[in-house]
K.L.:
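My questions will all concern the structure given below.
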Amino acid sequence: MNGYAWDHRVQDVDFEELSELYRVAPLGDKPPGELATVFANSMFACFVRFQGALVGAGRALADGADCAYIGHVAVHPDHQGQGLGSAIIRRLVERAAGHKKIILYANPGTEPFYQGLGFLRMTTAMAIWSEPDRALEAGLLSPEHDPGPQRAPAS
Ligand SMILES: CC(C)(COP(=O)(O)OP(=O)(O)OC[C@H]1O[C@@H](n2cnc3c(N)ncnc32)[C@H](O)[C@@H]1OP(=O)(O)O)[C@@H](O)C(=O)NCCC(=O)NCCS
């Protein structure tokens with residue numbers, strides 16, 4: 001992975017450029033102002049540049065002891081498949097070391113990527129989404145009546 005420059009400082013980031021990275025990755029439409037807020041509020045961040053251009057990013061929202069949440073992980077399509085995504089996750093996990101749990105939700109289809117990095121499925125994860133219909137359609141949420149994993153009866 002020669003030629004890549006790694007950075008963990010949010011203050012050097014051009015959020016217009018970061019928004020464009022998420023658009024092409026693709027990870028969706030993420031307005032620059034929103035990105036400035038979520039990255040400023042995250043304890044850890046990771047950025048990768050190639051010849052000065054932002055080609056990879058990720059962040060972890062963490063409370064310093066109990067839980068760290070990894071999100072906004074993406075690599076530019078021209079640079080995917082070379083180990084950058086894995087390296088971003090490994091760096092964030094390293095920086096979040098000491099937290100009792102490090103969690104994330106995978107984009108449907110990317111589960112094998114995270115399983116390869118040691119993440120296990122959470123069987124009781126629950127969420128309130130601001131736009132549940134879109135999340136249901138995308139396969140990120142299960143319908144209300146889904147019973148989820150069955151528990152063995154208490155003896
Ligand atoms: C997912 C993503 C970050 C992976 O980055 P990357 O730099 O291409 O990943 P790596 O080169 O480190 O790949 C590591 C391993 O994961 C696998 N992998 C990569 N992307 C994958 C995907 N989308 N689905 C399943 N496996 C994937 C690779 O095949 C590789 O396996 P190997 O080690 O057996 O060869 C990148 O494809 C991306 O930005 N996708 C669009 C945005 C996105 O979905 N982000 C994740 C949000 S949850």
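In what follows, every heavy atom counts, from backbone to side chain, and hydrogens, waters and symmetry copies are set aside. Remember, it's 1-based here, ligands and their atoms both numbered in the order they're listed. It should be emphasised that the depicted structure is a prediction, and the values quoted were computed from it without experimental measurement.
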K.L.:
Do any heavy atoms of Gly116 fall under 4.0 Å from ligand 1?
P.N.:
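For ligand 1, residue contact (heavy atoms, under 4.0 Å) with Gly116 is absent.
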
K.L.:
Which ligand 1 atoms are under 4.0 Å away from a heavy-atom of Ala74?
P.N.:
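Numbered from 1, ligand 1 contributes 39 (O).
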
K.L.:
Going by an N to O cut-off under 4.0 Å, is there a salt bridge joining Arg91 and Glu94?
P.N.:
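Salt bridge flag = no for Glu94 with Arg91.
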
K.L.:
Can you sort out which atoms of ligand 1 are near Ala25, meaning under 4.0 Å from one of its heavy atoms?
P.N.:
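The list of qualifying atoms is 41 (C).
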
K.L.:
Backbone or side chain, does any N or O of Gly81 fall under 3.5 Å from an N or O of ligand 1?
P.N.:
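Between Gly81 and ligand 1, an N or O pair is found under 3.5 Å apart.
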
K.L.:
Apply side-chain contact (heavy atoms from CB on, under 4.5 Å) to residues Asp78 and Phe50 and explain how you reach the verdict.
P.N.:
CA-CA 11 Å; Asp78 292 349; Phe50 184 75; over 6 Å; no

K.L.:
From the options Tyr105, Tyr114, Tyr22, Phe113, select the one whose nearest heavy atom is closest to atom 27 (C) of ligand 1.
P.N.:
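Nearest heavy atom to atom 27 (C) of ligand 1 lies in Phe113.
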
K.L.:
Could you name the option among Leu27, Val48, Ile70, Leu140 that has the heavy atom nearest to atom 43 (C) of ligand 1?
P.N.:
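Among Leu27, Val48, Ile70, Leu140, the closest heavy atom to atom 43 (C) of ligand 1 belongs to Leu27.
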
K.L.:
When you check the gap from the basic side-chain N to the acidic O, do Arg23 and Asp29 get nearer than 4.0 Å?
P.N.:
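No salt bridge links Arg23 with Asp29.
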
K.L.:
Judged on heavy-atom distance to atom 45 (N) of ligand 1, which of Leu117, Ile88, Val73, Leu21 sits nearest?
P.N.:
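The residue whose heavy atom sits nearest atom 45 (N) of ligand 1 is Val73.
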
K.L.:
Taking distance alone, with no angle check, do Gly109 and ligand 1 share an N/O pair under 3.5 Å?
P.N.:
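Between Gly109 and ligand 1 (N or O atoms, distance only) the closest approach is under 3.5 Å.
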
K.L.:
Using distance alone, decide if ligand 1 has a nitrogen or oxygen within less than 3.5 Å of any nitrogen or oxygen in Gly83.
P.N.:
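So ligand 1 has an N or O lying under 3.5 Å from an N or O of Gly83.
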
K.L.:
Has Lys100 got more than 12 heavy atoms of other residues, nucleotides or ligands less than 6.0 Å from its NZ?
P.N.:
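For Lys100, atom NZ is not crowded (no more than 12 foreign heavy atoms under 6.0 Å).
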
K.L.:
As an exercise, state the distance from CH2 of Trp129 to CG of Leu141, rounded to the nearest 0.5 Å.
P.N.:
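Trp129 atom CH2 to Leu141 atom CG measures 5.5 Å (nearest 0.5 Å).
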
K.L.:
For Asn107, counting its heavy atoms only, list the atoms of ligand 1 lying under 4.0 Å from any of them.
P.N.:
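Counting atoms of ligand 1 from 1, those under 4.0 Å from Asn107 are 43 (C), 44 (O), 48 (S).
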
K.L.:
Go through ligand 1 atom by atom and flag the ones less than 4.0 Å from a non-hydrogen atom of Ser86.
P.N.:
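Here the atoms of ligand 1 in question are 10 (P), 12 (O), 13 (O), 14 (C).
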
K.L.:
For ligand 1, which atoms, with element, lie under 4.0 Å from some heavy atom of Gln82?
P.N.:
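Counting from 1, the qualifying ligand atoms are 11 (O).
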
